[in-house]
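Order of the sequence lines fixes the chain letters, A, B, ..., with proteins taken first and strands second; residue numbering starts at 1 for each chain.
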Protein chains: 2
Amino acid sequence: MAKHVVPEAARRRRRPTRTGTVLSEEIIVDTALRVLREHGSTGLTARRLGAALGADPSTLYRYFAGMDELTRAIGDELMGRALDSWTATGDWRADLRALGRAIYGAYLAHPQAALLTASRVTGRPREIAVDEAILGILRGAGLPDPVAVRVYHAFIDQSLAFAALDAGSLALAAEARAQDEEMWQTAYARLPAESHPHIAATAALLARRMPHSAYPAALEMLLEHTAARLPAPDA
Amino acid sequence: MAKHVVPEAARRRRRPTRTGTVLSEEIIVDTALRVLREHGSTGLTARRLGAALGADPSTLYRYFAGMDELTRAIGDELMGRALDSWTATGDWRADLRALGRAIYGAYLAHPQAALLTASRVTGRPREIAVDEAILGILRGAGLPDPVAVRVYHAFIDQSLAFAALDAGSLALAAEARAQDEEMWQTAYARLPAESHPHIAATAALLARRMPHSAYPAALEMLLEHTAARLPAPDA
DNA sequence: CCCTTATGCCAACAGGGTTGACCTTATCTT
DNA sequence: AAGATAAGGTCAACCCTGTTGGCATAAGGG
């Protein structure tokens, strides 16, 4: 069994599994993402992942110390995809907006995986790369370091926090999600104006807005705040 | 076993358990919060909760359809505590700030429970009461309904999202959390300036700020944004 | 071409949610 | 007051989970 987990770089012999597939961290993580999508955020089990790979569950422990370490590897993969899908232009506002949406988008592209990993800080290389990029944008725009660090902090936490929250509803089975969204058109819309005047007065607006994410609005607030703190004029 | 879960209000006979305690939804939820605090966010199990109540695990299914429904009841309890700890003053800005901190605070008072429930929308009475209160503040301040609904949405999602995120680190065992916070003084602080110039330049500031929550800063951004959209002057 | 050992497989363990059958006792009816 | 009813407790069992010790086998260095 797995006394030492051999780091990916040091692997020399790759013996094919019973069904012929040759394993690697990359293949395992990719397959885990697929299993998550198909079976939900609680559906990633060692046995199921093993079956999807055509391998025994215990084989996974040759690559990851446990399901927890696999989970962190999945999170780092999402961060990597976010960074890969982003390109800097030099315009701090456009860049920060794009990076925020890239992170948010990479996580929401795999809602079940996002739910599992968004609240974890891995400290892995690709996560660090994202942090460096954000700080680079803010300092490059001319923010004083203390302000840059404060905005960086709000930015990364906000992006991950909303990703996790929104992944929660997106990861629901289609019918359950529809039911949730209908709640704004039924349960909330039917509250009597005597007991709940404000909900009753805005029921139609709520039903239209609540099924969407609040992340874009929150992101714009952050950009607005940042622009107001730049020493030189924005444009 | 539990074909029908009898609603709390309709309960008539309360037979004491083997150890003499008389059960109720309230006692079960309170005990669940205690078990969560003592055993962590993944430590709430039917068997353990049963033991803590001095009852058979299967008894829980007389009160809740499953662990999932119990989880939602715990979430609603936190919402109720948030609302109870809050009092309106009539000053929209102070009220909204206080309500945000009340929600955030109620969840973080039970980080293990917050982790479990923050991303769940229960649609239960006390959650609805909070929604009504928020909308009341915003509409009372004079915001047009579409703006009020937009700000409401950002406000509630932001509060819950940050609560969940921060609960994640707070719920870690003390030593694990210390290790995480130290990472900003060690791993990040040691990154070479050649490869990570921006992190290296702000390492000291990061080490000081990152162990704290970004929620207060994000909340102020939202208040700032809201104030700028009021028809009449703020004060 | 053989030997070593990395890497895959098998079987088993403890602990998880959940359920069907059963029993006991609180409350209602007469 | 006694008896009937069924709510609400208990018990044992189901299948699932992560994880591990021992074993087998084939990849690749010498």
For [X] and [N], what is the distance between atoms [atom1] and [atom2] respectively, to the nearest whole Å?
X: Asp68(A); N: dT17(D); atom1: CG; atom2: C1'; answer: 15 Å
X: Arg62(A); N: dC9(C); atom1: CZ; atom2: C1'; answer: 9 Å
X: Leu116(B); N: dG17(C); atom1: CG; atom2: C1'; answer: 14 Å
X: Leu23(B); N: dG9(D); atom1: CG; atom2: P; answer: 5 Å
X: Leu60(B); N: dC11(D); atom1: CG; atom2: C1'; answer: 15 Å
X: Tyr61(A); N: dG22(D); atom1: OH; atom2: P; answer: 18 Å
X: Asp56(B); N: dT19(C); atom1: CG; atom2: C1'; answer: 12 Å
X: Leu53(B); N: dG9(D); atom1: CG; atom2: P; answer: 10 Å

Polar pairs (N or O, both sides) under 3.5 Å between protein and nucleotides 13-15 of chain C?
none

Indicate, with a heavy-atom threshold strictly under 4.0 Å, whether Leu70(A) touches base, sugar-phosphate, or nothing.
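No contact.
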Quick one: label Leu49(B) by what it contacts on the DNA or RNA (base, sugar-phosphate, nothing), any heavy atom closer than 4.0 Å.
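Here Leu49(B) touches no strand at all.
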So which of residues 27-41 of chain B are in contact with DNA chain D, with a heavy-atom cut-off of under 4.0 Å?
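Those residues whose heavy atoms fall under 4.0 Å from DNA chain D, taken from residues 27-41 of chain B, amount to none.
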Closest nucleotide of DNA chain D for Pro57(A) versus for Ala55(B): which of these residues is on the 5' side?
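Here Ala55(B) is the residue nearer the 5' end.
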Please identify each residue that fulfils salt bridge (Lys or Arg N to Asp or Glu O under 4.0 Å) with [X], with sequence neighbours left out.
X: Glu26(B); answer: none
X: Arg190(A); answer: none
X: Arg34(A); answer: Glu38(A)

Is Arg209(A) reaching over with its side chain to a backbone N or O of His153(B), donor-acceptor style, under 3.5 angstrom?
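No, the answer is negative, given that no donor and acceptor are paired below the 3.5 Å cut-off.
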Let me spell it out: for each of Gly66(B) and Thr17(A), pick the nucleotide of DNA chain C with the closest heavy atom. Which residue's pick is nearer the 5' end?
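Closest to the 5' end, via its nearest nucleotide, is Thr17(A).
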Mind listing the N/O atom pairs, protein and nucleotides 28-30 of chain D, below 3.5 Å?
residue	atom	partner	partner atom	Å
dG28(D)	OP1	Arg12(A)	O	3.1

Quick one: is [X] getting a side-chain N or O under 4.0 Å of the [N] phosphate, OP1 or OP2?
X: Tyr63(A); N: dT7(C); result: no
X: Arg18(A); N: dC9(C); result: yes
X: Ser58(B); N: dT19(C); result: no

List the residues meeting side chain to side chain contact (heavy atoms under 4.5 Å, CB included) with [X], not counting sequence neighbours, and say none if there are none.
X: Pro192(B); answer: Glu194(B), Ser195(B)
X: Arg18(A); answer: none
X: Thr202(A); answer: Leu206(A), Leu135(B), Arg139(B), Asp145(B), Val149(B)
X: Pro57(B); answer: Ala46(B), Arg47(B)

Go through it in stages, so that I can follow the logic: the residues are Asp131(A) and Tyr188(B), the test is side chain to side chain donor-acceptor pair (under 3.5 Å), and I'd like the CA-CA distance, side-chain angles, deciding distance and then a yes or no.
CA-CA 10 Å; Asp131(A) 297 335; Tyr188(B) 275 74; 2.8 Å; yes
Which nucleotide in dT19(D), dG17(C), dG9(D) has an atom nearest any side-chain atom of Met67(A)
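It is dT19(D).
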Measure across Tyr215(B) and Asp166(B) and return the closest heavy-atom pair with its distance rounded to 0.1 Å.
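Result for this residue pair: CB-OD2, 4.4 Å.
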Thr19(A): which residues meet the side-chain hydrogen bond (donor to acceptor under 3.5 Å, both in side chains) condition with it, sequence neighbours left out?
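If we apply the side-chain hydrogen bond (donor to acceptor under 3.5 Å, both in side chains) test to Thr19(A), skipping adjacent residues, the hits are Thr17(A).
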Please list every donor-acceptor pair under 3.5 Å in which a side-chain atom of residues 66-77 of chain A meets a protein atom from a residue at least two apart or in another chain.
residue	atom	partner	partner atom	Å
Asp68(A)	OD1	Arg120(A)	NH1	3.3
Asp68(A)	OD1	Arg120(A)	NH2	3.2
Asp68(A)	OD2	Arg72(A)	NH2	3.3
Asp68(A)	OD2	Arg120(A)	NH2	3.3
Thr71(A)	OG1	Met67(A)	O	2.8
Asp76(A)	OD1	Glu127(A)	N	3.2
Asp76(A)	OD2	Arg126(A)	NE	3.3
Glu77(A)	OE1	Arg126(A)	NH1	3.4
Glu77(A)	OE1	Arg126(A)	NH2	3.4
Glu77(A)	OE2	Arg81(A)	NE	2.7
Glu77(A)	OE2	Arg81(A)	NH2	3.3

